[in-house]
Amino acid sequence: MADPGPHGEAAAVGRGLAAWLRGRDVAATVDVLGRATVGLSQETWFVRITTETGDVDAVLRLPTAASGARAIVTQRTALQAVAGTGVPAPALLWFDYGDETPFSRPFIVMTRVTGTVPVGWHTVPEPARTRLAEQAIDALAALHRLDPAALGEPVTPADDLRRLERRLERVGPAPPIVAGALAWLARRVPDPPRLPTIVHGDFRMGNLVVDGDRLTGVLDWEMASPGDPLSDLAWCFIPVWELPGVDEQKLVRRYAEETGAAVGAERLHWHRALGYVRLAYYALAGTRAFDGGRSDDLRLAALRLQLPVTLDRLAATLAGDPVA
Amino acid sequence: MTATQEAWPAPSPERLADSVARLADRVGEADVRAQLHALSGVLRNIGRETLDGGTRGRLAAQLADAVAAGDERRSLALMRDLARLDRAAVRPVDWAAASGG
């Protein structure tokens, strides 16, 4: 938990949000309950907003330099697109795109979803793990049935690859295994999807809220865009840390039944390989941010130790070998 | 005293890592706990960069050549060898603790 005292950063956040609400004729007191420990791209505060009609537990999210203000716009658009659908997600409460907010940057406030966020599938014991994985696939299928038009122009697999190549160029020379993988990917770029869908962009256990064996919410919508649904499907099985320990083939079949769309094995494999390269990029970028003094987050210092694990899984995937 | 002697040896990184991990488990603040577990993972790996540099360099150079030549079959085999070598040198980080605290 963050320092809840009257003079700490948390107190300033609470006062700032209360002042902003007063400016919108919302008389409220804001108590800051804590700050999320996970998530490196957004600053996340848990708050309780008390008005004359009662208490609302909410989440205040502020962009960091890494995510930029655009992340707020994307989250707002995505949350509005999924509101009232079968996709469990926080409800949008307030947002401000301006820089002249009490926080000197844009922000978004959404309801706090009940439950906890497991680090990965592997931390959830059976049979809850299988039940949650099935619910996650159902939620993903529900998301992929929605109209993506509100989120802008579709992103093709070729766009995804180009974007990742540019990002990798910015963090320095690519490790030889990444260079080999990029060449492999470039030779096999799939056609644009016949039917682009809303792609969450970071759909994985670390962004799902669970309450017992019930999936209660999908978080972190700042990377949402219209695109190839199989990029989400591939990404949700990629081990950020440990192997998920779920029956991927069975879940892919379930997804195909839920969406009514065929899942091309080669296309899914391409997105899986791209996902591993993306994971490698995150490790490289985090390492560089720590080494360059732009962050003192020791998790970024440790990320370099996950890079060999990710690259080994990438090489195994490309060779068609089991991933360990 | 020669230049290579130490007046008093530093504790081993492994010992420090164990100690920091135990300290982390005593900390109430989740964010600090997560940071300490990450530090423990880093400490555990200090001084373990004992790869066979010659073998690694040779594999990396061969892989770069294979990629440049468009020899995909050879590239994939070399990627596999290089990745195994690099991964074997790393002691795992407890990411469940370092991520969530």
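Throughout, protein chains are lettered first and strands after them, A, B, ... in sequence-line order, and every chain is numbered starting at 1. Values in this document were obtained by computation on a predicted structure and should not be read as measured data.
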Verify side chain to side chain contact (heavy atoms under 4.5 Å, CB included) between B:Leu82 and A:Ile177, making sure each step is shown before the conclusion.
CA-CA 8 Å; B:Leu82 182 57; A:Ile177 294 168; 4.0 Å; yes
Output the option from A:Gly180, A:Gly120, A:Ala183, A:Pro175 having the highest count of non-hydrogen pairs under 4.5 Å with chain B.
A:Gly180
B:Val42 versus chain A, the contacting section by heavy-atom distance below 4.5 Å
both
Evaluate the side chain to side chain contact (heavy atoms under 4.5 Å, CB included) criterion for residues A:Arg35 and B:Asp31: first the C-alpha distance (whole Å), next the side-chain angles of each, then the deciding distance (0.1 Å), finally the verdict.
CA-CA 8 Å; A:Arg35 183 175 179 171; B:Asp31 183 43; over 6 Å; no
Part of A:Ala179 within contact of chain B (heavy atom distance under 4.5 Å)
backbone
As an exercise, state the distance from CG of B:Leu36 to CG of A:Leu298, rounded to the nearest 0.5 Å.
8.0 Å
Answer yes or no: does atom CZ of B:Arg73 have more than 12 heavy-atom neighbours from other residues, nucleotides or ligands under 6.0 Å?
no
Between A:Asp321 and B:Arg80, is there a side-chain N and carboxylate O pair less than 4.0 Å apart?
yes
Residues B:Glu72, A:Arg188: salt bridge by 4.0 Å N-O rule:
yes
Go through the steps to decide whether A:Glu242 and B:Trp95 satisfy the test side-chain hydrogen bond (donor to acceptor under 3.5 Å, both in side chains), and finish with yes or no.
CA-CA 8 Å; A:Glu242 303 295 331; B:Trp95 282 108; over 6 Å; no
Is it true that atom CZ of B:Arg15 has more than 12 heavy atoms of other residues, nucleotides or ligands lying nearer than 6.0 Å?
no
Is any side-chain heavy atom of B:His37 closer than 4.5 Å to a side-chain heavy atom of A:Arg299?
no
For A:Arg304, is it the side chain, the backbone, both, or neither that has a heavy atom closer than 4.5 Å to a heavy atom of chain B?
neither
Residue pair A:Ala315 / B:Ala83: nearest heavy atoms and the distance that separates them
CB-CB, 3.9 Å
Within 6.0 Å of CG in A:Asp296, more than 12 heavy atoms from elsewhere:
no
With only heavy atoms counted, which part of B:Leu63 is less than 4.5 Å from chain A, the side chain, the backbone, both or neither?
side chain
Any idea which heavy atoms bring B:Gln35 and A:Asp297 closest together, and the distance?
NE2-OD1, 2.8 Å
Side chains of A:Pro176 and B:Val67, heavy atoms from C-beta outward: is any pair under 4.5 Å?
no
For the interface with chain B, which of A:Thr123, A:Val309, A:Leu307 has the highest count of heavy-atom pairs at distances below 4.5 Å?
A:Val309
Step through the shown structure and confirm whether more than 12 heavy atoms of other residues, nucleotides or ligands are within 6.0 Å of CD on A:Glu126.
yes
Select, from A:Leu311, A:Leu305, A:Val240, the one with the greatest count of heavy-atom pairs under 4.5 Å involving chain B.
A:Leu305
